[in-house]
Amino acid sequence: MRIDVVTLFPEMFAALEHSIVGRARRDGHLDLRAVQLRDFAINRYGQVDDYAYGGEPGMVLRPEPLRDALKSIDYPEGTPVVHMTPQGRTFDQPMAEEFAKFDRLVLVCGHYKGLDERIVQKYVTHEVSIGDFVLTGGELAAMAIVDAVIRLKPGVLGDLGSAETDSFSTRRLGWPLYTRPEVFEGLAVPETLKGGNHALIEAWRRREALKRTLERRPDLLEKWPLTPEELRLLEKDC
Ligand code: ADE
């Protein structure tokens, strides 16, 4: 998958040279290219922003550098062009799965107050937020999207575990995890997990995951209601 990111801070994406995403890049699963917006400045002073019409504090990114940066990328028709903004739709696992179906993705990072609206109208296909908080720029949001999308591509996670058992892939939170030692500061690993009965272990995990989801994220159950099988699992616990 090739992902082009339009940004004023390409150096920030060095964070994606590490760990699993770093390996995906070295193995050729991910071709990540940061496009320096300043290379498309409107003058020799490197200007890319300007005052907001109507008068308000903060600068707005001018449309011409953004258009020229996007044109330089030469992406095929149908490629998602995603603007990172707190006003966008909240990013979630189904959206990551949707983006992972594409071979190309273009991410546009805003800075200062934001982008001129005409760029959004003419070039942007999706506006995405990573949560109800305001970052100083779209870069951290873009990195979150690159990470969440690329790990869904076949071969990226390898033996580290399949993305299918993740929290949110199952539309539920994950279950509690334990490793050695068997007792830590007086707390023991649950007996079921040590028993080797795989059917029992599976039922325990799904029940614990459901209990967590009910307690912490009831909104997920509204969006993706309990199945009859899940109801049975929960009843067994009472
Ligand atoms: N830019 C600033 N805040 C953001 C957020 N919450 N999500 C995506 N992009 C942003």
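Each ligand, and each atom within it, is numbered from 1 in the order the structure gives.
- Considering backbone and side-chain atoms alike, F133 places an N or O below 3.5 Å from some N or O of ligand 1.
- For atom 9 (N) of ligand 1, the closest non-hydrogen atom of the protein is T85 N, 3.2 Å.
- Looking only at atom types and distance, the side chain of E127 has no donor-acceptor partner in the side chain of T85 under 3.5 Å away.
- Residue contacts with ligand 1: I130 is placed with a nitrogen or oxygen under 3.5 Å of a nitrogen or oxygen of the ligand (distance criterion only).
- Here the side chain of S19 pairs no donor or acceptor atom with the backbone of V21 at under 3.5 angstrom.
- Hydrophobic clustering (side-chain heavy atoms under 4.5 Å, transitive across Ile, Leu, Val, Met, Phe, Trp, Tyr) groups Y123 together with I73.
- On a distance-only criterion, V128 and ligand 1 share no N/O pair closer than 3.5 Å.
- With respect to atom 4 (C) of ligand 1, the closest heavy atom belonging to the protein is P86 CD, 3.6 Å.
- Near A141, with a cut-off below 4.0 Å to any heavy atom, the atoms of ligand 1 are 8 (C), 9 (N).
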Exercise for review: I would like to know whether M84 and V82 meet side-chain contact (heavy atoms from CB on, under 4.5 Å); could you show each step before the answer?
Suggested key: CA-CA 6 Å; M84 257 42 66; V82 186; 4.3 Å; yes
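- A continuous path of Ile, Leu, Val, Met, Phe, Trp and Tyr side chains, each step under 4.5 Å between heavy atoms, connects F133 with I145, placing both in one hydrophobic cluster.
- Under a hydrophobic clustering in which Ile, Leu, Val, Met, Phe, Trp and Tyr are joined whenever their side-chain heavy atoms come within less than 4.5 Å, directly or via other members, I130 and F9 fall into the same cluster.
- Considering backbone and side-chain atoms together, T136 places no N or O closer than 3.5 Å to any N or O of ligand 1.
- Shown in contact with G131 at under 4.0 Å from a heavy atom are these atoms of ligand 1, numbered in order with element: 6 (N).
- When side chains are defined from C-beta on, I150 does not count as touching L16, because their heavy atoms never get closer than 4.5 Å.
- The protein atom (non-hydrogen) at minimum distance from atom 3 (N) of ligand 1 is L135 N, 2.9 Å.
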